[in-house]
Each structure stands twice: as structure tokens, then as C-alpha cells.
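What follows is one structure encoded as C-alpha cells, with my remarks underneath.
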Amino acid sequence: MDAQGPRWGRLTQRAEFQRAAKGRRIGASAFTLQANARATEMRAQGPRIGLTVTKKTGNSPVRNRIRRRLREAMRRISPRAARADFDYVLMARRDALTLAFDALVADIAAAIGRAHTPRPARDGRS
RNA sequence: CCAGUCGGCCGGGCGACCGCUGCUUCUCAAGAGCAGAGGAAAGUCCGGGCUCCACACGGACACGGCGCCGGAUAACGUCCGGCGGGGGCGACCCCAGGGAAAGCGCCACAGAAAGGAAACCGCCUCUCGCCUUCCUCACGGAAAGCUUGAGGUAAGGGUGAAAGGGUGCGGUAAGAGCGCACCGCGUCGGCGGCAACGUCGGCGGCAUGGCAAGCCCCGCCGGGAGCAAGACCGAAUAGGAACGACGCGCGGCUCGCAAGGGUGCGCGGGGCCUGUCCAUGGGCCUGGUCGUUCGGGUAGGUUGCUUGAGGCGUCCGGCGACGGGCGUCCCAGAGGAAUGGUCGCCGCGCCGGACACUUGUGUCCGGCCUUACAGAACCCGGCUUAUAGGCCGACUGGUAAU
RNA sequence: GCGCCCGUAGCUCAACUGGAUAGAGUAUCGGUCUUCGAAACCGAGGGUUGGAGGUUCGAACCCUUCCGGGCGCG
């Protein structure tokens with residue numbers, strides 16, 4: 001595949017997750033996507049992604065499996081589809097364990113596309 | 001074949017493509033090769049290794065844990081083999097199982113009495129009095145009942161979880177270990193056993209109720225913290241130390257006739273640490289301002305980090321836990337945390353349908369799950385808990401056939 | 001990685017440190033009162049004491065283990 005292409009950066013710090021949570025929020029059956037632009041000095045370092053799987057979702061094997069499915073799905077989506085100055089956070093729901101993998105990839109790609117509209121879709125082009 | 005007991009094991013397999021982490025090869029890059037979750041990785045309930053800190057040796061106290069005996073082990077609260085008690089027809093299973101004649105405490109309600117015995121209803125003897133019947137002419141006497149007082153008794157009734165050995169016979173006014181037999185208990189001795197204990201005999205003659213997962217006593221064990229331990233490298237900012245200058249709570253030394261100066265040399269005092277004490281102690285720190293220099297630590301990085309009380313095979317010793325010899329292998333090392341994603345075939349299971357046939361099983365088709373419990377975080381030994389389904393071995397009780 | 005605490009009616013709390021029917025308030029239901037409701041009064045139901053096992057004659061209480069929740073330190 002496009003192994004030479006740009007790669008997703010990763011969010012690791014708690015503050016980065018909290019900043020992303022202040023941005024747009026798109027829900028889907030398997031997850032909730034949060035996206036927000038970074039601070040100016042960190043601009044244009046490529047898009048970054050963070051995963052959140054809470055303990056409410058399930059026990060450790062369940063959480064691991066969800067995290068791995070989401071990470072593999074993100075690998076299928078080119079970072080070129082995202083904005084280089086944005087951070088994205090995927091908060092998993094329990095459906096992320098059972099949803100068909102192709103549908104999961106499509107949902108995430110669609111959610112990333114919707115996250116770039118500046119305001120919640122009041123103008124008709126959802 | 002049915003029912004059951006015990007022990008051990010597996011807990012999906014093969015393949016394709018695309019990925020992740022580590023190691024090796026390689027001058028680098030790229031590429032290639034190899035490896036990559038568990039029996040519980042879990043809970044964190046115990047025991048260790050390892051690391052740092054503390055401690056002169058030690059003793060006592062306090063606190064915590066453990067508790068039949070012997071063994072295994074680095075150690076254990078684990079395991080093995082016994083003993084004792086309890087359960088089961090049996091294979092077998094369960095037991096925190098030291099001490100209650102060191103002391104304190106508790107034993108509600110009920111009951112007379114709940115712990116150095118006592119005596120409610122009773123039973124028995126004697127006795128004051130009353131009354132009835134009988135004998136007698138009468139005095140008086142006999143028997144039965146009620147009753148006063150004194151005494152004996154614990155068999156029976158009744159309460160309770162538990163009533164100061166149990167059962168039986170004798171004995172007695174009635175009774176009682178009062179006597180005897182057996183059982184139980186205690187004690188002494190013999191024998192067997194390393195021991196727990198067992199067994200036999202003698203003696204005692206009931207003394208020693210239960211609770212120590214109540215306090216406690218006895219014996220044994222335990223210094224504290226934990227890989228975010230610890231080691232190395234090491235920004236910014238703040239703080240620290242050394243040196244120099246200015247300088248001082250007291251004392252000392254020294255210069256000076258004196259005023260005063262020099263010297264941080266000593267001490268008091270204060271603070272902190274070692275659980276407390278014996279205990280005196282021991283260790284460390286201790287004034288301010290300015291200047292110069294230095295090193296420690298924080299963020300971050302590297303390391304600790306996987307070769308270990310290691311796995312497998314085999315032989316020997318041991319009833320066994322286990323130990324020893326030899327051979328062979330290297331078998332996850334992440335770091336907000338890799339071990340994955342999508343498929344194909346097979347296997348297992350579940351659900352539905354059809355057919356065959358004796359309940360039930362077999363065959364075929366379709367669908368679901370591609371499986372239960374569950375994810376390494378320094379490493380081992382255990383314990384406990386969770387676990388769909390399946391396999392193997394030994395044994396017990398039935399049933400049938402031979 | 002350590003350490004500590006708590007679980008009792010739907011909810012908030014008791015139960016004298018082992019003693020018998022686990023008790024209050026509130027909520028729920030029924031009745032009285034009222035034209036109706038509220039308040040008040042009367043009555044009723046509601047508990048595997050988080051689960052399991054053990055010690056004891058007897059356990060909410062003691063012990064072991066599991067489950068759930070909360071807190072503190074690094």
C-alpha cells in the first residue's frame with residue numbers, strides 16, 4: 001500500500017486529549033470523534049490521532065481488541081484525508097468490537113470529513 | 001452400561017496478503033531471517049530473589065503473623081507422608097487440630113441452680129399438731145391422710161445448646177462411685193513408633209462443663225521500603241555547597257598598655273533520624289549579606305530488563321513432596337504500553353429444517369460464534385478466584401453377560 | 001506499586017461490642033378527614049443484613065474468601 005506516505009502522529013498527553021475534546025464532536029454507532037485545531041506553534045506537523053477506550057467499555061481483552069481494530073482502521077485511512085493542523089480523538093463505544101471492519105473504516109473516514117466543517121451543519125451541506 | 005471419586009492434560013489447526021515490537025545480519029538506508037501473552041498473565045492473600053535505606057553487638061517490651069507430628073523447600077500460611085477427630089455403603093472427602101488444674105471475662109431467655117455447687121416440685125426418716133378408721137371398758141396402741149419443724153437425698157419431673165461422667169446390676173429409709181462390671185476420664189508403668197500417637201496392665205474413684213476465629217499463656221517467625229527500587233547522562237528556573245570579603249550567643253587561643261583587632265578552634269543551645277526502653281549513646285544538620293566557582297537533583301533520555309531456585313528428555317535415590325547426575329534448548333520484553341486486520345479450508349460447539357430409525361442417535365443442508373475465563377509490565381515459588389467444550393489414566397458402588 | 005475504609009427496607013441512618021420479633025424517619029399502598037387535594041391521624045406491605053463458607057448453643061457483629069464502591073500516598 002502507501003507505506004511511503006505520511007503517517008499519523010499520536011497523542012499521548014492528557015492535556016492534548018483535553019484540548020481535542022473542546023472541538024467538534026461527531027457521533028457514530030461505534031465511536032465518537034473529537035477534532036480540534038492545534039495551537040499555532042505546533043501547526044503543520046501532520047494530523048495526529050488519539051484513542052480513548054474507557055473501562056466502562058469492557059475488560060482488558062475487550063478494550064485491547066477495540067483499540068487494535070480502531071488503529072488498524074486508521075492505518076487504512078490516509079492522513080492526506082485529514083488536516084495537518086488538527087488533532088483527532090476517537091472515543092470507542094462497545095459497537096466498535098462487533099461492527100464489520102469495512103463499515104468501521106467508512107464511518108471513520110466520513111466522520112473525519114464532517115469534522116472539517118466549521119459549524120454544525122445548519123447550512124444544508126452535511 | 002449407569003452412577004460416582006481422585007489425578008493429569010488440551011483449551012482451536014493450516015495457509016495467503018497487509019501491518020506492529022524486539023533481536024540478528026548489514027558501513028548506513030532499504031531489504032531479509034528468527035521470535036512474539038496465560039493456565040490462570042487476574043485478585044494482590046502469603047513466601048522469597050534483587051535494589052536502596054536504617055542499624056556497634058545484644059537483650060527486654062510492644063506490634064503483627066503462624067500453631068497436631070515428621071519431612072520437602074531458598075522460604076512459606078504451600079506441598080508430601082503420617083496421627084487424631086468427623087462424614088460417606090465405598091473409592092474417598094473435610095478439620096485455624098497447642099494450652100481452659102496461670103489468670104481475667106462471657107454463657108442471653110428459660111430454669112431451683114450456669115460452675116469451688118445449690119435444692120423448686122418430688123422421694124425418705126424423725127417430729128409438733130389435727131382428723132378418720134380399727135383394736136381396747138378405759139388408759140393406750142396400730143394404720144392412712146393433712147400439717148409444723150429438723151434432717152437425708154439427687155433416682156425421677158421440668159428448663160436449657162450445655163445440669164458436676166454414661167449404661168446395667170447390687171445396695172439403701174430414700175438415694176448417691178456407696179460397691180461392682182463395661183465404656184469414658186485422669187494418672188503411673190511396660191511395649192511399638194524419630195514423633196504426634198497407639199496398645200497392654202495397674203491404680204485412682206469423678207476431681208477437670210463450654211468458649212482462646214474473647215483477652216490471654218506457651219512455642220516459633222518477622223528491621224523498613226519497594227523497579228515510580230536503584231544506577232548513569234543531564235535543560236530552564238529556584239534553591240544548595242565551597243572559597244573570599246563584611247562580620248559573631250558564649251568560651252578559648254593570640255596581638256595589643258588600653259580601646260580594639262585576628263583566628264571559625266571548642267562549647268552550650270536547637271532540630272532531625274534509628275518503633276520504644278535498657279542507654280549512657282550513635283549518626284547528621286545548624287547565623288546572615290555580597291561576589292566567584294562547583295557539584296547534586298527536577299523535565300527528558302539510557303540502564304535495571306530478562307539465563308532463571310529456567311524448560312524438555314533420560315537415568316538414579318525416595319512411599320511421596322522432592323533431590324541428584326547426564327544430555328539438550330534459549331523460550332515475549334512493551335513503555336499511554338507491540339503480540340494485530342481482512343480472508344480461504346478444516347475441526348469443535350449452538351440454533352433451525354429435512355430424512356432414516358427403537359427413546360435417542362446418525363446423515364445432509366442453512367445460519368451463528370469462528371469459541372469459555374481472560375491480556376505480560378522486575379523476576380520466581382505458592383494460595384485463592386473465573387473458565388464453553390473436550391481428552392487420558394487410576395479407582396469405587398451397582399446392573400447385565402461370560 | 002503500596003496502604004486504608006465502607007456495604008443493613010426504594011432512599012437516609014440505628015441495633016446497647018455475640019442474645020433471638022433486625023428498628024426509626026422518609027417514600028409506597030389502604031383507610032379516616034375534605035367538595036377534591038395537601039397536611040394531620042390510623043394501619044399495612046416491603047430485608048438471602050453484598051455473596052459463599054467456617055467458629056459458636058446462637059453471627060448484622062468474630063474469622064477466611066470472593067464481589068461491588070470509595071479514599072489516600074508515591
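The chains referred to below are lettered A, B, ... by the order of the sequence lines, with proteins before strands, and numbering in each begins at 1. None of these values were measured; they are calculated from a predicted model.
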* To do: Using the C1' atom on both, measure B/C322 against B/U25 and round to a whole Å.
  => 45 Å

* C1' spacing across the pair B/C146 / B/U127, given as an integer number of angstrom -> 15 Å

* Should B/A142 form a Watson-Crick or G-U wobble pair with both distances under 3.5 Å, which nucleotide is its partner? -> B/U133

* Measure the spacing between CG of A/Asp107 and CZ of A/Phe31 and express it to the nearest 0.5 Å. => 5.0 Å

* Taking the side chain of A/Arg65 as heavy atoms from C-beta outward, which of B/G340, B/A37, B/G341 is closest to it? -> B/G341

* **C1' gap between B/G244 and B/G269, integer Å** => 29 Å

* May I ask which nucleotide in the shown strands pairs with B/U27, Watson-Crick or G-U wobble, both distances under 3.5 Å? => none

* Asked: Out of curiosity, A/Ser60 OG to A/Arg65 CZ, how far, rounded to the nearest 0.5 Å?
  -> 13.5 Å

* Structure fact -> Answer for the Watson-Crick or wobble partner of B/G77, both distances under 3.5 Å, is none

* To do: Measure the distance from CD1 on A/Ile66 to C1' on B/G341 and round it to the nearest whole Å.
  => 15 Å

* Using atom C1' of each nucleotide, how far apart are B/A236 and B/A231 to the nearest Å? -> 25 Å

* If anything within 90° of 0 is syn and all else is anti, what is B/C331? -> syn

* To do: Rounded to the nearest angstrom, tell me the gap between atom CG in A/Asn59 and atom P in C/C67.
  => 13 Å

* A/Met74 CE: over 12 foreign heavy atoms closer than 6.0 Å -> yes

* About how many Å separate CZ of A/Arg24 and OH of A/Tyr88, when rounded to the nearest 0.5 Å? -> 12.0 Å

* Structure fact -> With syn meaning chi within 90° of zero and anything else anti, the base of B/U132 is anti

* Asked: Between B/A338, B/G341, B/G375, which one does the side chain of A/Phe101 approach most closely?
  -> B/G341

* Structure fact -> Its glycosidic angle compared against 90° from 0, B/U306 adopts the form syn

* Asked: Roughly how far apart, to the nearest Å, are B/G15 and B/C34 at atom P?
  -> 12 Å

* Asked: So what's B/C120 paired with, Watson-Crick or G-U wobble, going by both distances under 3.5 Å?
  -> B/G157

* Asked: From B/A338, B/G340, B/G375, pick the nucleotide closest to the side chain of A/Glu72?
  -> B/G340

* **In B/G340, glycosidic geometry as syn within 90° of 0 or anti otherwise** => anti

* C1' atoms of B/C217 and B/C197, separation to the nearest Å -> 25 Å

* To do: Grab the CG-C1' distance between A/Leu51 and B/G340 for me, whole Å please.
  => 13 Å

* Asked: What distance, rounded to whole Å, do you find between the two P atoms, one in B/C191 and one in B/A213?
  -> 39 Å

* Closest heavy-atom contact between A/Leu70 and A/Ala92? -> CD1-CB, 3.8 Å

* Across all strands shown, which nucleotide pairs with B/A213 by Watson-Crick or G-U wobble geometry, both distances under 3.5 Å? -> none

* Asked: Applying a 3.5 Å limit to both distances, which nucleotide forms a Watson-Crick or G-U wobble pair with B/A321?
  -> none

* Is the shortest side-chain N/O distance from A/Arg69 to OP1 or OP2 of B/U342 below 4.0 Å? -> yes

* Asked: Roughly how far, to the nearest 0.5 Å, is the CD1 atom of A/Ile66 from the CG atom of A/Leu99?
  -> 11.0 Å

* Asked: salt bridge (charged side-chain N to carboxylate O under 4.0 Å, His left out) with A/Glu72: which of A/Arg68, A/Arg76, A/Arg69?
  -> A/Arg76

* **Phosphate contact (B/U339 OP1 or OP2) by A/Arg71 side-chain N/O below 4.0 Å** => yes

* Under 4.0 Å between a side-chain N/O of A/Arg75 and OP1 or OP2 of B/G340, yes or no? -> no

* **base_contact_polar (B/G375 base, A/Arg68 side chain, donor-acceptor, <3.5 Å)** => yes

* Are A/Asn64 and B/G375 close enough that a side-chain N or O sits under 4.0 Å from OP1 or OP2? -> no

* Does A/Asp102 or A/Arg67 map to a spot on RNA chain B nearer the 5' end, using the closest nucleotide for each? -> A/Arg67

* For B/G192, does the glycosidic angle fall within 90° of 0 (syn) or outside that (anti)? -> anti

* Please determine, for B/U289, whether a Watson-Crick or G-U wobble partner exists with both distances under 3.5 Å, and give it or none. => B/A245

* Using purine N1 to pyrimidine N3 plus N6-O4 or O6-N4 for Watson-Crick, or N1-O2 and O6-N3 for G-U wobble, both under 3.5 Å, which nucleotide pairs with B/G90? -> none

* Taking the P atom of each, how far is B/G214 from C/C57, in whole Å? -> 12 Å

